[in-house]
Amino acid sequence: MKDRPDQERFNHQQVDKKWQARWLQTKRYQITGPVSAADKAYILDMFPYPSGEGLHVGHPLGYIGSDILARYMRARGKKVLHPMGYDAFGLPAENYAIKSGLHPAVSTNQAIERFRQQMQKIGLSYDWDREVNSSDPDYYRWTQWLFLKLYEMDLAYRAKAPVNWCPKDQTVLANEQVKDGKCERCDSLVLQKELEQWFFRMTSYADEYLTGLADLDWPEPIKLMQRNWVGRSEGALVSFPMEGGSKTIEVFTTRIDTIFGAAFVVLAPEHPLVGELTTSMQAAAVTTYVENATKKTPLERTSAVDQTGIFTGSYALNPLTKERLPIWISDFVIGGYGTGAVFGDAHDERDFAMAKRYDIPLKVTVLPSDNRQKEPILALEVCFTDDGVLIDSGAYTGLTSAEARPKIIEELQKSGLAQPKVQYKLRDWLVSRQRYWGAPIPIVYCQNCLENSKFQIPNSKIDWAEINGEKFAIIPIPEDQLPVRLPMDIDFRPTGESPLARSTEFHHAVTCPKCHKQARREVDTMDTFVDSSWYFLRYISPHDQRQAFDREEVKNWLPVDWYVGGAEHAVLHLLYSRFMTKALADGGYLTFREPFTRLRNQGLILGEDNRKMSKRWGNVVNPDEVVSLYGADALRCFEMFMGPFQDSKPWSTNGLIGVRRWLERVWRLTKRLAISDQRLGEDNKRLQNLLNKTIQKVTSDIENFQFNTAISQLMILTNGLEKETSIDKATWQTFFQLLAPFAPHLAHELWEKSSFSDFPDESWPEVDRAALKDETIIIPVQVNGRVRGQLKVEPEMPKETLIQIAKELPTVGAYLKDKELKQTIVVPGRIVNFVIL
RNA sequence: GCCCAGGUGGUGUAAUUGGUAAACACGUAGCCUUGAGGUGGCUAUGGGAGCAAUCCCGUGGAGGUUCAAGUCCUCUCCUGGGCACCA
């Protein structure tokens with residue numbers, strides 16, 4: 001029978017299994033003693049939420065990229081820490097439990113089991129002994145410990161605040177979880193509600209989030225999003241005294257230069273002075289307006305096109321001009337930003353629209369830009385040209401408004417009329433959740449302790465909380481009593497109060513750790529983002545029963561060198577992790593202030609129909625099927641070959657087949673090519689150069705996360721090898737080494753089959769410098785910028801020779817004949833260009 | 001509305017950073033192999049003119065800089081993402 005190529009097929013199932021089993025048997029790197037920053041590589045993937053649906057083909061894109069990097073770094077002799085875990089607390093498991101009755105702990109563990117198997121099938125080289133699971137008491141115990149530390153450091157506090165309330169999920173949402181005024185998860189319109197909640201003081205590091213970005217190797221768009229999120233603006237606080245009253249209205253402005261043109265003052269409906277300022281004449285109208293405004297959902301409020309408002313009946317005085325300014329209320333002013341009050345003037349679109357609507361007289365004169373030099377201008381009035389140039393405010397003639405601002409503030413500060421102020425959009429982080437499936441907040445509320453504290457020395461600070469009108473002392477659970485375990489048998493249907501409140505045992509059968517009288521527990525759980533804000537520390541000593549992380553080992557391994565994950569975490573998770581790191585550093589637990597040195601984002605893999613992969617569209621591709629049909633290496637290489645790592649791109653089974661075809665060709669090469677012990681001879685410069693180029697390209701491409709072109713280059717090398725009949729051993733080995741990070745199963749198998757010794761895990765090919773030269777290259781010859789011929793030349797050929805032989809090309813000569821040569825441009829090794837008239 | 005990122009063949013994309021546009025694949029066509037099938041092999045494949053050598057056009061659009069532009073500048077259109085009454 002004829003020896004048909006397809007009888008030599010690469011049996012990926014067998015090969016995958018063999019090498020995956022080997023990885024699991026391998027004793028992985030054990031952390032011992034100090035590791036220098038230069039020797040280590042902490043390569044981390046954002047840990048997944050283990051959903052019941054398992055991974056689809058888009059999830060592992062990032063894992064494959066980081067795995068290639070990890071394998072490459074090991075080959076380079078680095079000590080690599082490459083762990084994986086599960087962000088296992090959270091709403092979906094709880095919602096699923098409500099629907100199916102299956103306890104979240106059970107469904108979550110099933111999902112984790114499945115995730116792990118799926119990841120192992122792809123051949124991801126994680127250190128499986130280091131898995132963490134945020135819903136495990138051994139983990140959340142330390143999340144609770146962290147809460148206590150923040151509380152000690154006054155970075156966790158309890159406050160009454162208007163909170164985003166999702167009526168469907170019956171829970172409070174963080175600002176970050178509200179999208180377009182709707183719940184991020186269930187799309188219900190979000191309402192506002194006043195509740196006492198736990199907050200983390202994110203804002204204490206507002207400036208550091210900005211300055212710290214300078215030293216981080218992160219994608220620029222992500223940095224920008226963080227900057228926008230922090231939303232720093234410099235301006236001034238100005239006090240507007242009330243006419244005929246003792247109170248003043250504090251106003252924040254970034255446009256102090258427009259203060260002379262202030263025409264009215266606007267308060268947010270929530271502003272505390274609203275009641276006091278409203279005259280009896282206006283009382284009814286104001287009450288109606290304020291009620292309507294607070295009833296509105298955030299969406300309704302932000303989507304309003306008109307600047308509606310209501311006059312309070314009172315007046316304030318411009319502190320500079322002493323002019324009477326009517327005080328209005330409008331819901332375009334946000335209670336939670338700045339001072340919740342603004343002054344209105346003509347330069348601002350919203351102010352302008354409102355003034356127009358209610359016929360409030362404006363005070364700024366806007367002059368056409370060709371009118372700059374004209375007089376006269378009222379003594380204290382600020383005038384602008386219509387392109388925003390300040391032309392007169394007395395002392396600052398000729399300055400742009402941006403130039404004038406700091407000077408005006410300085411001037412006003414001298415007379416006590418204003419003070420500089422930096423304002424941030426960033427808010428503190430609301431971490432309380434009225435949900436079951438999360439880490440319990442380690443606090444009890446004790447009435448007895450509050451009573452007793454009245455008799456203590458006046459200065460002893462005791463925090464108290466108000467729950468349903470009753471007052472309690474806030475008592476943190478002592479560290480050695482952690483974890484506060486989540487009760488397992490509980491009715492977790494949402495009713496608006498935390499499900500934990502329904503557990504008598506959890507809620508009431510508790511004694512105060514301080515006075516040992518009966519107390520009640522905090523029944524809220526923590527936002528799952530708290531769990532994920534520190535998990536990268538737990539991987540260092542995941543089984544440590546005495547501490548959250550081993551401080552010495554953390555010093556060795558952190559910060560994370562490469563962090564790989566989706567861009568959807570640009571602000572939330574990444575900012576929370578930065579906050580936690582800074583807080584722990586201030587607490588003396590860490591010696592660094594930024595958790596992630598490098599960040600790389602992977603793109604989305606869309607369905608073959610170019611839509612987001614989802615059950616709803618029926619376009620989900622399961623990696624298990626791909627792996628069993630085409631092999632783990634085909635999946636890995638194809639996902640890397642599809643396009644730039646960070647881009648979104650549609651799945652294509654045909655493309656996958658193409659990559660599989662390539663691996664098959666590599667497999668067959670081993671059959672066909674004779675292997676010689678001789679080094680490549682001088683006669684095979686072509687192959688030598690190709691090999692060198694491939695080493696260079698694959699190496700730099702991996703380091704730059706340009707895996708798609710690395711695969712292309714490996715394909716080019718394969719095409720080159722196919723032209724040979726025999727090959728030297730060294731070339732062959734180099735090829736397998738280069739292939740190994742991408743297609744580890746195939747590469748290891750081929751190495752072994754070729755009867756080389758054990759695969760060298762800590763070795764990476766070097767470019768053979770001596771071989772890297774003397775190949776002729778082809779360069780274009782242009783006439784007037786158009787290619788008219790090609791030249792085969794030595795790279796080092798001198799200019800004069802180049803010009804001469806270029807002129808002799810028949811195709812070029814024809815153009816140059818009888819023409820005056822104006823200029824000749826020669827870039828050696830690149831191009832020759834003749835410029836003629 | 002504001003701020004980013006990006007528009008290159010039928011498709012995914014590449015381009016040594018200003019130097020032969022389309023590498024590497026997919027798809028398609030023809031041929032080969034096979035009893036058959038294709039996750040097998042070979043060849044061709046941007047558009048147009050021509051028997052051909054060869055020529056013209058071509059990187060969303062319009063201008064510009066340059067010996068030379070996918071790459072730089074100005075304006076403009078479209079797509080994706082983020083923020084959104086932040087004073």
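All values below come from the heavy atoms of this structure, side chains included, with hydrogens, waters and symmetry mates left out. All chains are named by letter (A, B, ...) in the order of the sequence lines, taking the proteins before the strands, and each is independently numbered beginning at 1.
Taking the P atom of each, B/A14 and B/U33 are spaced 38 Å apart, rounded to whole Å. B/G61 and B/G70 have their C1' atoms separated by 15 Å, given to the nearest Å. Taking atom C1' on both nucleotides, B/A25 is separated from B/A36 by 28 Å, rounded to a whole Å. Atom name C1', nucleotides B/U79 and B/A29: the rounded distance is 33 Å, in whole Å. When the C1' atom is used for both B/G60 and B/G7, the distance is 6 Å, rounded to whole Å. Here the separation of B/G18 from B/A44, taken at their C1' atoms, is 33 Å to the nearest Å. Between the C1' atoms of B/U59 and B/U20, the separation comes to 15 Å (whole Å).
Between A/Phe343 and A/Lys697, it is A/Lys697 whose nearest contact on RNA chain B lies nearer the 5' terminus. Position along RNA chain B of the nearest nucleotide to A/Glu349 versus A/Gly335 favours A/Glu349 as the more 5'-ward residue.
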Under 3.5 Å, N/O pairs linking protein and nucleotides 4-8 of chain B:
none

Write out a two-atom table: protein N or O, nucleotide N or O from nucleotides 63-67 of chain B, distance below 3.5 Å.
{"unit_1": "B/C67", "atom_1": "O2'", "unit_2": "A/Asn833", "atom_2": "ND2", "d": "3.3"}
{"unit_1": "B/C67", "atom_1": "O2", "unit_2": "A/Asn833", "atom_2": "ND2", "d": "2.5"}

List every contact pair, protein side and nucleotides 52-55 of chain B side both N or O, where the distance is under 3.5 Å.
{"unit_1": "B/C55", "atom_1": "OP1", "unit_2": "A/Arg788", "atom_2": "NH1", "d": "3.3"}
{"unit_1": "B/C55", "atom_1": "OP1", "unit_2": "A/Tyr815", "atom_2": "OH", "d": "3.2"}

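Residue A/Tyr337 contributes atom OH, which lies 13 Å from atom P of B/A84 at whole-angstrom precision. Atom CD in A/Gln646 sits roughly 14 Å away from atom C1' in B/G81 (whole-Å rounding). A/Met640 places its CE atom 19 Å from the P atom of B/G12, with the value rounded to the nearest Å. Per the geometry, CG belonging to A/Asn610 stands 11 Å off P belonging to B/G80, to the nearest Å. As a whole-Å value, the separation of A/Lys425 NZ from B/A87 C1' is 11 Å. For the pair A/Asp609 CG and B/U11 C1', the computed distance is 15 Å after rounding to whole Å. Rounded to whole angstrom, the span from the CD1 atom of A/Ile778 across to the C1' atom of B/G19 amounts to 16 Å. Atom NZ in A/Lys649 sits roughly 11 Å away from atom C1' in B/U13 (whole-Å rounding).
For A/Ser233, the side-chain hydrogen bond (donor to acceptor under 3.5 Å, both in side chains) partners are A/Tyr337, not counting sequence neighbours. Take A/Glu808 and apply the salt bridge (charged side-chain N to carboxylate O under 4.0 Å, His left out) test, not counting sequence neighbours, and it matches no residue. Taking the salt bridge (charged side-chain N to carboxylate O under 4.0 Å, His left out) definition, one finds that A/Asp609 meets it with A/Arg611, sequence neighbours left out. Remark: A/Arg830 engages no residue in a salt bridge (charged side-chain N to carboxylate O under 4.0 Å, His left out) (not counting sequence neighbours). Partners of A/Glu568 by salt bridge (charged side-chain N to carboxylate O under 4.0 Å, His left out), not counting sequence neighbours: none found. With sequence neighbours excluded, no residue forms a side-chain hydrogen bond (donor to acceptor under 3.5 Å, both in side chains) with A/Asn784. The side-chain hydrogen bond (donor to acceptor under 3.5 Å, both in side chains) search around A/Asn601 returns none, not counting sequence neighbours.
RNA chain B forms stems at B:1-7 with B:77-83, B:10-12 with B:24-26, B:27-32 with B:40-45, B:46-49 with B:54-57, B:60-64 with B:72-76, each a run of 3 or more consecutive Watson-Crick or G-U wobble pairs whose two key distances fall under 3.5 Å.
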For A/Lys356 and A/Asp351, what are the C-alpha separation, side-chain angles and deciding distance, and is it a salt bridge (Lys or Arg N to Asp or Glu O under 4.0 Å)? CA-CA 9 Å; A/Lys356 274 258 156 112; A/Asp351 299 349; over 6 Å; no
Chi angles and distances behind the salt bridge (Lys or Arg N to Asp or Glu O under 4.0 Å) call for A/Glu724, A/Arg686: CA-CA 11 Å; A/Glu724 306 293 323; A/Arg686 182 190 68 84; 2.6 Å; yes
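Counting only heavy atoms from C-beta on, A/Pro644 has its side chain closest to B/U13 among B/U13, B/A87, B/C3.
Under 4.0 angstrom from either OP1 or OP2 of B/G82 there lies no side-chain N or O belonging to A/Arg227.
Across all strands, A/Val266 comes closer than 4.0 Å to no nucleic acid atom at all (heavy-atom distances). Contacts of A/Asp647 with the nucleic acid, taken as non-hydrogen atoms under 4.0 Å apart, are absent. Using a 4.0 Å heavy-atom cutoff across all strands shown, A/Ser233 reaches sugar-phosphate atoms only and no base atom.
Using bins of under 30°, 30° to 60° and over 60° for the plane-to-plane angle, the ring pair A/Tyr576/A/Trp429 lands in the parallel bin. Aromatic ring orientation, A/Tyr358 versus A/Trp328: tilted (interplanar angle from 30° to 60°).
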How would nucleotides 24-30 of chain B be written as a contact map, 5' to 3', with B for base contact, S for sugar-phosphate-only contact and - for no contact, using protein heavy atoms under 4.0 Å? BSSS---
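In B/U17 the O4'-C1'-N dihedral to the base is within 90° of 0, which defines a syn nucleotide.
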